[in-house]
Amino acid sequence: MTQEMKEYFTLRTRAHLFLVRKWSDKISSLNDYRIDRFLLDKERDEHDQYKWVEPEYTPYVYITWMYKCRREGVPFEIPEDIKNSMNEATFHHIKNNAHHPEFWDKSFTINDLNKDDRDRPTGGRLVDGTMMPMTYIAAMVADWCAMSEELETNSPKQWAESNINIRWKFSREQIDFIYYLIDQVWT
């Protein structure tokens, strides 16, 4: 791991947290009765906190650098000893942060991760997010908006369309709420 990789991780992660705050605040300002604003603010303030400490820090420095290299078309070979820790860190992350649907699926294990592409489902297994409360749905949407703004590659609506009931299973009420939030805040 190089100093440049660590500095990029810090810069990129801080920028992401800034955007999560921005989108969480926009969602909170809707004053929707389905959202516990105190809990949403807590989620916003604690968003991705585990990425700053092990077992997530080192693997996420590599993960962040890998995505940067992919976007820039620069080859980057991940050391073999880091590959497993990346999967373990991803699993730790999604099982310890309630804005991820995997947190709510008690049957989801590390073997259900797509080890080749963290952003794609594995073998047709749908993550069951139907137990996810609306406040955490709101936090998830804020995260999607932050990523969409950061990457400038798609909108949160496009992300939702390519993942709902393909990667994550949600109830009709949750799906309607996801699209409602996106329609209300994404400009």
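Residue numbers start at 1 and run along the sequence shown.
In this structure the side chain of Y60 reaches within 4.5 angstrom of the side chain of T90, judged on heavy atoms. A 4.5 Å side-chain heavy-atom check between W168 and H100 finds every atom pair outside the cut-off. With contacts defined as side-chain heavy-atom distances shorter than 4.5 Å, the pair V61/W65 does not qualify. Using a 4.5 Å heavy-atom cutoff, the side chains of E149 and W23 are in contact. By the 4.5 Å heavy-atom criterion applied to side chains, L181 and L30 are counted as neighbours. Using a 4.5 Å heavy-atom cutoff, the side chains of I94 and L113 are in contact. Annotation: side chain of V20 is not in contact with side chain of E43 (no heavy-atom distance under 4.5 Å). Proximity of T130 to W104: side-chain heavy atoms (C-beta onward) are nowhere separated by under 4.5 Å.
Checking side-chain atoms of S28 against main-chain N and O of S24 turns up no donor-acceptor pair under 3.5 Å.
Taking the six-membered ring for Trp, F177 and F170 have ring centres at least 6.0 Å apart.
The 12-atom threshold is exceeded at NZ of K26, counting heavy atoms of other residues, nucleotides or ligands nearer than 6.0 Å. Around CE of M1, the count of heavy atoms belonging to other residues, nucleotides or ligands within 6.0 Å exceeds 12. The number of heavy-atom neighbours closer than 6.0 Å to NZ of K42, taken from other residues, nucleotides and ligands shown, is 12 or below. By the neighbour-count criterion of 12 heavy atoms within 6.0 Å, atom CD of E77 is sparsely surrounded, having that number or fewer from other residues, nucleotides or ligands. The environment of E173 atom CD is sparse: at most 12 non-hydrogen atoms of other residues, nucleotides or ligands sit within 6.0 angstrom. In this structure, F18 places its CZ atom where only 12 or fewer heavy-atom neighbours from other residues, nucleotides or ligands lie under 6.0 Å away. Around NZ of K68, the count of heavy atoms belonging to other residues, nucleotides or ligands within 6.0 Å exceeds 12.
M5 and F76 get closest at one heavy-atom pair: CE-CZ, 4.0 Å. Here the shortest heavy-atom pairing between F103 and N97 reads CB-O, 3.6 Å.
A continuous path of hydrophobic side-chain contacts links I164 to I27 [ILVMFWY only; heavy atoms under 4.5 Å]. There is no path of hydrophobic side-chain contacts, each under 4.5 Å, that joins I182 to L151. Y62 and L11 fall into different hydrophobic clusters, defined by Ile, Leu, Val, Met, Phe, Trp and Tyr side-chain heavy atoms under 4.5 Å apart, directly or through other members.
Remark: R34 qualifies as a cation-pi partner of Y180 under the 6.0 Å distance and 45° angle criteria applied to the six-membered ring.
Under 4.0 Å is where a charged nitrogen must lie from a carboxylate oxygen, and between D176 and R172 at least one such pair does. Here D45 pairs with R21 in a salt bridge; the nearest charged N to carboxylate O distance falls below 4.0 Å.
In terms of the side-chain contact (heavy atoms from CB on, under 4.5 Å) criterion, residue partners of D81 (sequence neighbours excluded) are, by chain and number, P79.
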CA sep, side-chain torsions, deciding dist, call: T58, E54, side chain to side chain donor-acceptor pair (under 3.5 Å): CA-CA 7 Å; T58 298; E54 300 299 353; 2.5 Å; yes
- prompt: Yes or no on side chain to side chain contact (heavy atoms under 4.5 Å, CB included) for H93 and D48, after CA distance, side-chain angles and deciding distance?
  reply: CA-CA 8 Å; H93 182 74; D48 289 354; 3.0 Å; yes
- prompt: Do R44 and H99 pass the side chain to side chain contact (heavy atoms under 4.5 Å, CB included) test, and can you show the C-alpha distance, the side-chain angles, and the key distance before you say yes or no?
  reply: CA-CA 10 Å; R44 174 202 66 203; H99 65 274; over 6 Å; no
task: Kindly indicate, with the supporting measurements, whether the criterion side chain to side chain contact (heavy atoms under 4.5 Å, CB included) is fulfilled by H92 and Y50.
output: CA-CA 9 Å; H92 183 274; Y50 292 111; 4.1 Å; yes
Name every donor-acceptor pair, under 3.5 Å, that has one atom in a side chain of residues 137-145 and the other anywhere in the protein, sequence neighbours excluded.
| from | atom 1 | to | atom 2 | distance (Å) |
| --- | --- | --- | --- | --- |
| D143 | OD1 | H16 | NE2 | 2.9 |
| D143 | OD1 | H47 | NE2 | 3.3 |

